Amino acid sequence: MKLDGRITNLIVTGFSGTGKSLVAKEVARGLNWDFLDTDDEIVKQTGKPIVEIFRQDGEDTFRELERKIIGKACQQRHMVIAIGGGAIVDPQNYELLAKTGVIVCLEAKPETIYERLFREAASSPETEVRPLLAVDNPLERIKQLKATRQSHYAKADWTIHTDGLSISEVAEEVIKVWRLLRRYAPGNDKGKAQSYIDKDIACLVETATQIYPVFVGYSLLDKLGEKMKKAALSGAITIISDENVFSLYGSKVEGILKMAGFAVNSFVVPPGEQTKSMDYAIKIYDFLVEHRAERDDIIIALGGGMIGDLAGFVAATFLRGMPWVQVPTSLVAMVDASIGGKVGVNHPEGKNLIGAFYQPNLVLADCQTLTTLPKRELTSGWAEVIKHGMILDAEFVQFLESNVNRLTKLEPEFLTRAIARSAAIKAQVVSQDEKEREGKRTILNYGHTIAHGLEAATQYKRFLHGEAVAIGMVRAAKLSERLGLLPSAAVERQQALLQKFGLPTGFSGLGLTEITRAMELDKKVKGKAIRWVLLQDIGKAVIRSDVPQADVLAVLRELAEHKKS
Ligand SMILES: NC(=O)c1ccc[n+]([C@@H]2O[C@H](COP(=O)([O-])OP(=O)(O)OC[C@H]3O[C@@H](n4cnc5c(N)ncnc54)[C@H](O)[C@@H]3O)[C@@H](O)[C@H]2O)c1
Ligand SMILES: [Zn+2]
């Protein structure tokens, strides 16, 4: 057999119930490649269901057949191969597969697997029950068997957590992985791809212009230079930061980058939203001109969302676009502002009026930096994290509910998981609708229609953005309930979660007219209808443009009168 060290195939594996076969099929369709499922092939060749082969001929016979089929498949090119959950345990199979393809392992929690298998069995009662379910305590059995295989699954090139994702969403992720590796491994050289395969990648963002990784981890700043080099960034660096962040992390980051061989300059601006202006963009242009920055030089945004928006705007416009890297240091920036490529500055007449879509080359979030973020900023950031769960991921909401204390105490492992998942949700949405043209990105506005009104009505002075969003989410959920979309128990659940994270869920001091005027509801009646993002369930948002004004006014009146809800 000829093995030339090139990636010719994509292999999808994982435990039963992770959807590998359906995912692989969809990936093959997406890439226009051939598809092979080793289990199906065995059934075809023997004319017997797998359960029967195991029972009549024994596992060894099954594994032998599997080995042969895998051997043959690895000689193919452009093939998406779904392999059974046990196949990768065999060292001979693993070696062959690893040499010729990228192995993607689909992960899911035992509870998810149990639920999926159970649902599958219930929907096709005529087929024989899987052996995994035909025991006294299937969940326990799944946990045990999965634990014994975990070390083999860990050898995969890439792992995708499928809990809460649909088959097509997982397939999209696999295709993104393939595109990313192809980009960083010219000629599909497996060795080069291997060096880019990185366990710190929380998710990938793919848009028409760019595909880039979002790294999330604890103490990850130390690896910034290394990750940038892997992403083929090699120019001189200008760090843009604000005084608060730079005084804490500036010299550390400069040191790390210099150690990695980069030339580094820093430009530090005052903290605060007023700095996100054309005036400061011009000051940065002046600095870049003075330092003779070139097109391959790199801008690093080191700070919160204000810095990300400002530095990104400069990166988008200076020399018609320079490479740039986001190093978000606030919770809002990590899970929201750094992902999606919206960059810009404020105009005296309105926030974010001047801007562009300009994607970074990579995002690196070191959750440890949150230990110095002021408490109120941190709390405000949790609103966006909770929002991501509420609109798209019920399991993530459960995770947040069960770990409030650990998360608010910034326990590294839990914090990293929460931020990685929240960032991945945002990444998934913006990958589907980079420029907010198809309406998919609209669901990120959950809680924001009212929040923007509250912020405007209080001249952006009273609330931090996340605080207003928390109040807006409570109202949007109430509106959903009023329209018969959402049970009251879910409204209460959301409210309880927001409160546990220390977020406000109501307030007093604004009248109904002030709120409606700020929301421009009076103008909206004549013009375009508001696209309300509402909830159908925890983890399931819907967009509705037909919400009667009377219902909106009713939930706003409650807010203005600050009735205990
Ligand atoms: N581009 C987008 O998609 C997007 C999305 C959401 C928000 N935004 C923008 O982001 C901005 C809000 O972001 P933000 O909340 O991060 O505000 P911010 O950048 O102003 O940061 C808030 C405060 O925290 C400080 N800070 C940041 N990280 C710190 C750390 N690790 N330790 C100590 N202090 C730290 C900052 O100096 C600042 O005083 C707004 O301008 C908003 O428009 C953009
Ligand atoms: Zn927001």
Side-chain angles (χ1 to χ4, degrees), residues 205 221 240-250 252-253 268-277 280 301-313 315-316 324 326-347 350-360 363 365-388 390-391 410 419 422-423 426-427 429-430 434-436 441-452 454-455 460 463-473 533:
V205 185
L221 277 181
I240 316 282
S241 190
D242 73 22
E243 284 153 10
N244 294 341
V245 176
F246 196 80
S247 66
L248 290 161
Y249 303 104
K252 179 177 176 170
V253 173
V268 182
V269 297
E273 191 62 22
Q274 320 77 269
T275 302
K276 207 174 101 176
S277 64
Y280 274 96
L302 172 67
M306 184 282 279
I307 285 293
D309 284 11
L310 173 67
F313 178 71
W324 75 296
Q326 289 255 33
V327 183
T329 61
S330 72
L331 185 51
V332 166
M334 289 181 190
V335 303
D336 189 358
S338 69
I339 298 163
K342 273 192 186 175
V343 297
V345 295
N346 301 325
H347 183 275
K351 267 177 71 73
N352 299 319
L353 278 188
I354 307 158
F357 286 97
Y358 190 64
Q359 305 293 338
V363 179
D366 182 347
C367 307
Q368 194 174 21
T369 59
L370 297 181
T371 53
T372 56
L373 186 69
K375 177 94 186 348
R376 194 173 163 204
E377 298 287 348
L378 188 67
T379 302
S380 166
W382 286 115
E384 302 284 358
V385 176
I386 295 169
K387 178 196 80 181
H388 286 155
M390 287 297 162
I391 57 173
L410 305 181
I419 292 175
S422 185
K426 170 109 197 232
V429 175
V430 298
E434 178 188 9
K435 303 204 168 161
E436 211 163 353
R441 205 165 166 155
T442 309
I443 68 168
L444 296 170
N445 284 341
Y446 177 57
H448 280 58
T449 310
I450 292 174
H452 289 150
L454 295 180
E455 288 178 292
Y460 295 90
F463 302 105
L464 289 183
H465 175 65
E467 295 167 349
V469 169
I471 298 167
M473 279 162 67
V533 186

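Order of listing sets the numbers, starting from 1, for every ligand and every atom in it. In this text, all values refer to a predicted model and were calculated from it rather than measured experimentally.
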Side-chain donor or acceptor of Glu467 paired with backbone N/O of Leu464 under 3.5 Å | yes

Give every donor-acceptor pair under 3.5 Å between a side-chain atom in residues 332-346 and any protein atom, sequence neighbours left out.
unit_1: Asp336; atom_1: OD1; unit_2: Lys426; atom_2: NZ; d: 2.8
unit_1: Ser338; atom_1: OG; unit_2: Ala333; atom_2: O; d: 2.8
unit_1: Lys342; atom_1: NZ; unit_2: Glu436; atom_2: OE1; d: 3.1
unit_1: Asn346; atom_1: OD1; unit_2: Asn352; atom_2: N; d: 2.8
unit_1: Asn346; atom_1: ND2; unit_2: Glu273; atom_2: OE2; d: 2.9

Thr329 side chain vs Thr369 backbone, donor-acceptor pair below 3.5 Å | no

Listed protein N/O/S atoms, distance to the Zn ion (ligand 2) under 2.8 Å = Glu384 OE2, His448 NE2, His465 NE2

Any donor-acceptor N or O pair under 3.5 Å, side chains Tyr249, Ser241 | no

Apply side chain to side chain donor-acceptor pair (under 3.5 Å) to the pair His448 and His465, showing each step before the final yes or no.
-> CA-CA 9 Å; His448 280 58; His465 175 65; 3.2 Å; yes

Answer yes or no: is there a donor N or O on one side and an acceptor on the other, between the side chain of Ser380 and the main chain of Arg376, under 3.5 Å?
-> no

Hey, could you give me the OG1/CD1 distance between Thr275 and Ile240, rounded to the nearest 0.5 Å?
-> 12.5 Å

Is it true that a side-chain atom of His388 and a backbone atom of Ser422 form a donor plus acceptor pair closer than 3.5 Å?
-> yes

Please name all residues satisfying salt bridge (Lys or Arg N to Asp or Glu O under 4.0 Å) with Lys252, sequence neighbours left out, ordered by chain then number.
-> Asp222

Contacts for ligand 1, heavy atom under 4.0 Å, by chain and number, are Asp242, Asn244, Val245, Leu248, Tyr249, Pro271, Glu273, Lys276, Gly304, Gly305, Met306, Asp309, Thr329, Ser330, Val332, Asp336, Ala337, Lys342, Lys351, Asn352, Thr369, Thr372, Leu373, Pro374, Glu377, Lys426

